[in-house]
There are 2 protein chains.
Amino acid sequence: MSVTLKDVAHAARVSVSTASRALTGTGLTSERTQQRLTRIARELGYRPNPIARGLKTGQSRLVALLVHNLTNASFQVMAEEVQARLKALGYQMLLCIGGDDQQQESDTLTTLVDHRIDGLILVPTGKNGAQLKALAKDVPIVCLVRRDDATDLETVLADDPQGAYLGTRHLIELGHKRIGLIVGRQDTTSGRERLSGYVRALREAGIALDDTLIHAGHFVPETGATGCRKLLDLPRPPSAIFVANHEATLGVLRVTAERNIVIPDNLSLLCYEDMPWFEWHRPAISIVDNGARDLANLAVDRLLQRMDAKGNGKGNGNDGVREYRVGARLVQRDSCRRIDAAISARSGKPKSTPSKLSTKSAKV
Amino acid sequence: MSVTLKDVAHAARVSVSTASRALTGTGLTSERTQQRLTRIARELGYRPNPIARGLKTGQSRLVALLVHNLTNASFQVMAEEVQARLKALGYQMLLCIGGDDQQQESDTLTTLVDHRIDGLILVPTGKNGAQLKALAKDVPIVCLVRRDDATDLETVLADDPQGAYLGTRHLIELGHKRIGLIVGRQDTTSGRERLSGYVRALREAGIALDDTLIHAGHFVPETGATGCRKLLDLPRPPSAIFVANHEATLGVLRVTAERNIVIPDNLSLLCYEDMPWFEWHRPAISIVDNGARDLANLAVDRLLQRMDAKGNGKGNGNDGVREYRVGARLVQRDSCRRIDAAISARSGKPKSTPSKLSTKSAKV
DNA sequence: CGATAGACTGCAAACGATTGCAGAGACGTT
DNA sequence: AACGTCTCTGCAATCGTTTGCAGTCTATCG
């Protein structure tokens with residue numbers, strides 16, 4: 001059907017092997033034939049068959065990216081970033097959706113190695129450690145955003161302790177003393193780390209830790225809703241909520257809307273990870289940006305280096321294990337507001353205190 | 001490295017060909033050896049090498065989905081749906097991001113055929129008709145959501161005329177007479193068709209068409225912003241805006257927020273295509289749902305049939321060209337509101353008319 | 001002028017599967 | 001007993017590349 005190397009060789013009256021060498025640039029070929037061959041190849045519209053090549057070389061020029069879903073904006077920008085980077089290097093990205101599900105992850109992984117992918121970047125569920133460990137012998141792997149504690153794979157992490165610390169400190173600086181935290185499951189790296197950052201900021205400010213202000217849960221909007229209700233129903237509800245579980249944000253917004261709580265007048269809201277609509281939301285939602293784009297780039301860098309190392313016969317590229325951190329930063333928008341110390345102490349319904357951030361009046 | 005067919009054959013003391021036949025189920029093999037071989041293969045952990053197989057059979061078990069981006073929620077659910085369906089059938093999905101860019105689309109397409117994909121579902125930019133036409137000779141292709149007018153490829157479309165009609169009629173039924181329309185570029189199928197649905201609904205209701213109420217533009221938020229400003233600055237501004245260009249929604253929301261326009265009290269807002277946060281937004285945004293999930297499913301169905309047809313030697317599967325339509329439906333939430341006929345005629349600032357949809361009072 | 005190195009080139013064997021063709025038994029028929 | 005038929009199995013070619021090895025040719029040097 002399509003033009004093969006044989007056709008090119010034949011047209012140029014050379015052997016297939018010469019054609020191969022000339023076009024790939026490997027081995028010794030005279031300048032002249034090389035140019036002649038490339039010209040003829042172009043004229044004929046020759047495109048090397050990656051399958052045939054892959055069979056011989058054991059490489060596929062395919063790199064897989066396995067994420068939980070596409071709803072999460074971080075995953076979106078990571079996917080776009082990874083695809084762009086890889087494409088520039090002549091790799092095709094295989095984007096897979098694992099749904100944060102152990103079985104699905106496992107299945108996908110085997111399919112991927114079947115297809116002889118050259119590299120893998122994944123957000124691990126953390127439940128297939130053994131399998132990952134085994135795969136790492138054959139394929140360069142880099143973990144992204146989460147660590148799989150059962151393995152010692154190289155991992156690119158957001159600096160969650162720092163991010164959570166930054167966010168919490170910001171709220172404290174605005175005068176908040178009772179800060180609710182809605183955070184991810186504590187059996188995940190990010191869940192634990194964000195909690196730790198929160199704790200550190202509180203401790204530094206000399207604010208006593210109050211367990212009732214912390215709600216940890218699954219990565220679904222429902223977590224946000226129940227968590228938010230729980231917090232608001234407290235005898236002394238928080239004056240600010242830090243939603244450090246990205247998926248929970250929607251739930252929190254729903255509950256505050258249901259109860260006609262005006263943000264930021266009656267409650268300050270700070271979220272983790274950006275969403276495109278956050279800055280268009282009213283009020284625009286302040287966030288701690290985990291640096292998704294940087295994370296993706298770093299992951300690609302690391303992976304490439306490992307693939308390189310493997311190519312040069314220096315093991316499978318999966319040694320020299322380390323952990324990389326990408327800095328977080330605070331993006332201030334309009335959902336957090338300074339609170340009067342006296343009021344925050346009472347933690348009751350604040351009087352309508354004017355602020356440059358909002359001129360809307362409180363409802364309820 | 002991994003277990004090959006030869007290993008299995010050797011372990012079972014049969015030839016490679018017998019092993020192949022036994023495991024694939026093709027050809028004549030005795031029941032006994034077949035069972036024995038499958039057992040041994042499982043014991044050895046044999047997994048067929050898709051690359052080697054692909055080289056021989058010319059198939060890759062790879063199906064590509066090419067979309068513009070991942071930000072659009074419709075594309076997200078489509079991608080998830082397609083991946084799920086294909087996986088169940090033993091195919092791997094290759095998800096590619098084309099950015100609605102002619103060059104990128106072209107590049108991606110060639111890479112994909114290089115990789116000998118078995119099928120392709122794409123949202124065409126409409127600018128690579130010739131290339132697509134050529135590819136269609138080799139690979140079964142189904143277009144999704146948009147048609148490429150330069151080709152006669154089978155296409156699965158949302159029923160945009162119907163959807164726009166439904167949405168517009170809904171607004172009319174609520175008493176709106178001046179309805180602004182922000183719609184996509186008129187050189188795209190969906191742009192034209194949504195406009196036509198809008199026009200039909202107006203005509204049916206005997207409302208004169210007013211060109212100044214229509215703003216067509218590129219698929220970016222900025223279009224929404226400029227369009228919205230233009231509409232609001234009209235001597236007689238509309239009482240409702242129908243944002244039939246999905247990406248423009250954010251821009252519209254920003255402008256209405258900037259101008260402190262309260263939705264739906266001062267302005268009704270109806271959008272096209274859902275976003276996860278629409279129902280959590282305050283007010284929850286009413287939409288015309290284009291049926292993304294159904295679209296994806298239908299596209300997969302069509303593609304599979306074509307791949308089948310091709311497999312059976314009946315041409316390349318790209319004949320019997322047809323166009324499929326997936327119905328749209330209206331999802332009423334809280335962003336549209338009944339308007340008093342008298343007031344709408346004046347089209348001035350309406351008095352605060354109570355409605356069951358909202359008890360909030362108008363500001364400004 | 002012959003030997004030898006050096007620079008290219010071609011042959012053929014891989015890679016791991018699938019598949020047409022022919023051979024080997026088993027069995028029934030005449 | 002001979003023959004045909006039917007069922008199963010193995011041989012070997014093939015898909016389109018890459019690559020070790022050996023061969024050819026030219027040029028250079030002694």
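Below, chain A is the first sequence line, B the second, and so on; all start at residue 1.
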Notebook entry, point to check: Within this structure, what is the CZ-to-C1' distance between Arg116(B) and dG16(D), rounded to whole angstrom?
Noted result: 9 Å
Next item on the list: Look at all strands and tell whether Thr4(A) reaches a base, only sugar-phosphate, or nothing, counting heavy atoms closer than 4.0 Å.
Entry: sugar-phosphate
Notebook entry, point to check: CZ of Arg32(A) versus C1' of dT26(D): gap in Å, rounded?
Noted result: 13 Å
Checklist line | Interatomic distance where CG belongs to Leu37(B) and C1' belongs to dG10(D) [whole Å] | finding: 13 Å
Check: Have Thr33(A) and Arg21(A) got a donor and an acceptor in their side chains that come within less than 3.5 Å?
Finding: no
Margin query: With a 4.0 Å limit, can you tell me whether Arg53(A) has a side-chain N or O closer than that to the phosphate oxygens OP1/OP2 of dG16(D)?
Written below: no
Notebook entry, point to check: How close or far is atom P of dA17(C) from atom CG of Asp114(A), stated in whole angstroms?
Noted result: 10 Å
Next item on the list: Starting from the 5' end of DNA chain C, give me the residue, Thr18(B) or Ala19(A), whose nearest nucleotide shows up first.
Entry: Ala19(A)
Notebook entry, point to check: Would Arg85(A) and Asp301(A) pass as an ion pair if we require N to O under 4.0 Å?
Noted result: yes
Margin query: For the residue pair Asn297(A) / Glu81(A), report whether a side-chain donor-acceptor contact shorter than 3.5 Å exists.
Written below: yes
Check: Salt-bridged, Arg147(A) to Asp149(A), with N to O below 4.0 Å?
Finding: yes
Notebook entry, point to check: Which whole-number value in Å describes the distance from His115(B) NE2 to dG16(D) P?
Noted result: 17 Å
Check: To the side chain of Arg21(B), which of dC21(D), dG10(D), dT18(C) is closest?
Finding: dG10(D)
Checklist line | Thr111(B) and Thr108(B) side chains, donor-acceptor separation under 3.5 Å | finding: no
Check: To the nearest angstrom, how far is Gln34(B) atom CD from dT9(D) atom C1'?
Finding: 14 Å
Next item on the list: For Pro48(A), report the nucleic acid contact type (base, sugar-phosphate, nothing); a contact means any heavy atom under 4.0 Å.
Entry: sugar-phosphate
Note to self: So if I take every side-chain heavy atom of Ser15(A) and compare against dT18(C), dG10(C), dT18(D), which nucleotide ends up nearest?
What the structure shows: dG10(C)
Check: For Leu5(B) and dC15(D), what is the distance between atoms CG and P respectively, to the nearest whole Å?
Finding: 20 Å
Notebook entry, point to check: Think Ser17(B) has a side-chain N or O under 4.0 angstrom from the OP1 or OP2 of dG10(D)?
Noted result: no
Margin query: Distance check needed: dG10(D) C1' versus Lys6(B) NZ, whole Å only.
Written below: 15 Å
Check: Out of dC15(C), dC11(C), dT17(D), which nucleotide sits closest to the side chain of Leu55(A)?
Finding: dC15(C)
Notebook entry, point to check: Does Thr33(B) make a side-chain N or O approach to OP1 or OP2 of dC8(D) shorter than 4.0 Å?
Noted result: no
